[in-house]
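All remarks here apply to the structure that follows.
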Amino acid sequence: MAGKAEFIWLDGRIVPWAEATIHVASEAVIRAASVFEGVRGYGNAEHDELYIFRNADHLRRLRQSARMLHMQIPYSDEDLTAAFRELLRRNGFRNDVHFRPTVYFGEGDSGASYLPDEIRTGMFVIAVKRPGGKALTEGVAAGTSTWRRNSDIAMPSRIKAAGNYHNSRLAHVEARRNGYGAALMLNAAGKVAEGPAACFMMVRQGRVITPPVTADILESITRETLIELIRDELGLEVQEREIDRTEVYMAEEAFFCGSGAEVTPMVSLDRYDLGDGKVGALTKRIQRLYFDVAEGRVEKYRHWLTPVYRGNT
Ligand SMILES: Cc1ncc(COP(=O)(O)O)c(C=O)c1O
């Protein structure tokens, strides 16, 4: 079933989907006081296993987001990993799963900005089936957003907070209304930042180029993964540097990357074709490599995978 599952993990318990509710007076509902992660699990039929991809890195980032917003996560990494595995097992997922561990503030009684010991901090995990869409093979036509990416001096994009996704939503809805499949966002300095829910990479003269983590982007785990794989497995140079909008028009290839987006090719920007306007050959190679690693076919990178069904931990 797409978009829904039998069970949700809520505040330490696995409950049926319909019973996973929190109060409307919670700060999570009223002021979007929550931080979260988007994590994927990949099936490997040969191993008869479902692997969580880069679980430890997602937990680390979740803790960083929470710390920045003065939220305390009331569970250890071991507890949470056990919870994720149990939830995925109980739902019977064997492949193509996407889950969102979310830390939230509960009910408040005023407009105060709460300190961690003044409010209940809860947590839930929603896991759903989410197979990759046709954009993976066909690519997307993107439009440059008129909205700028959240700035580090106002509400840092580095923090994966629910509130940041209003900035994302403005850009994505604008893109859709203008007939594009995706948005590319610039930062306040007018340099390329990222997509509303994915980081950005482009290829120019055989080199892969991506904005630095100081460009008002989320410090993407997929971006980090690809930088390592492109350098070490494909032997290509990856530059982390500022990117001008017009450079994208001149790129031979480009793609978005993220846990949800995986490696989604971009075939045009603002109706300028990138290269020949088709999914790029290098992009396809990078995509294949990413799936080989995430689906457990490359021994060297097995340490990034957490098995769901094997063992008890
Ligand atoms: C705004 C934004 N940028 C980038 C990413 C990619 O991050 P990651 O690769 O860690 O999933 C995401 C989430 O997928 C995101 O929401």
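Start at 1 and go down the list; that is how both ligands and their atoms are numbered.
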Can you list everything that forms a salt bridge (Lys or Arg N to Asp or Glu O under 4.0 Å) with Arg207? Sequence neighbours excluded, please. Glu237
Can you name the salt bridge (Lys or Arg N to Asp or Glu O under 4.0 Å) partners of Arg130, sequence neighbours left out? none
side-chain hydrogen bond (donor to acceptor under 3.5 Å, both in side chains), that's the test. Do Thr121 and Gln72 meet it? Break it down for me. CA-CA 7 Å; Thr121 303; Gln72 276 167 3; over 6 Å; no
Run the side-chain hydrogen bond (donor to acceptor under 3.5 Å, both in side chains) test on Tyr114 and Arg120 for me, step by step, so that the C-alpha distance in whole Å, both residues' side-chain angles and the decisive distance to 0.1 Å come before the verdict. CA-CA 10 Å; Tyr114 297 95; Arg120 184 179 75 81; over 6 Å; no
Show me the pairs that pass ring-ring contact (aromatic ring centres under 6.0 Å, His included) and involve residues 9-44, at least two apart or across chains. Trp9-Tyr75, Phe36-Tyr165
Interatomic distance, Leu218 atom CG to Arg149 atom CZ [nearest 0.5 angstrom]: 8.0 Å
Just list the N/O pairs, ligand 1 to protein, that are under 3.5 Å apart, with the distance for each.
| unit_1 | atom_1 | unit_2 | atom_2 | d |
| --- | --- | --- | --- | --- |
| ligand 1 | 3 (N) | Glu194 | OE1 | 2.7 |
| ligand 1 | 7 (O) | Ser220 | OG | 3.4 |
| ligand 1 | 9 (O) | Ser220 | OG | 2.6 |
| ligand 1 | 9 (O) | Ile221 | N | 3.3 |
| ligand 1 | 9 (O) | Thr222 | N | 2.9 |
| ligand 1 | 9 (O) | Thr222 | OG1 | 2.5 |
| ligand 1 | 10 (O) | Arg61 | NH1 | 2.7 |
| ligand 1 | 10 (O) | Arg61 | NH2 | 2.9 |
| ligand 1 | 10 (O) | Ile221 | N | 2.8 |
| ligand 1 | 11 (O) | Ser259 | N | 2.9 |
| ligand 1 | 11 (O) | Ser259 | OG | 2.6 |
| ligand 1 | 14 (O) | Ala197 | O | 3.4 |
| ligand 1 | 16 (O) | Lys160 | NZ | 3.2 |
| ligand 1 | 16 (O) | Tyr165 | OH | 2.4 |

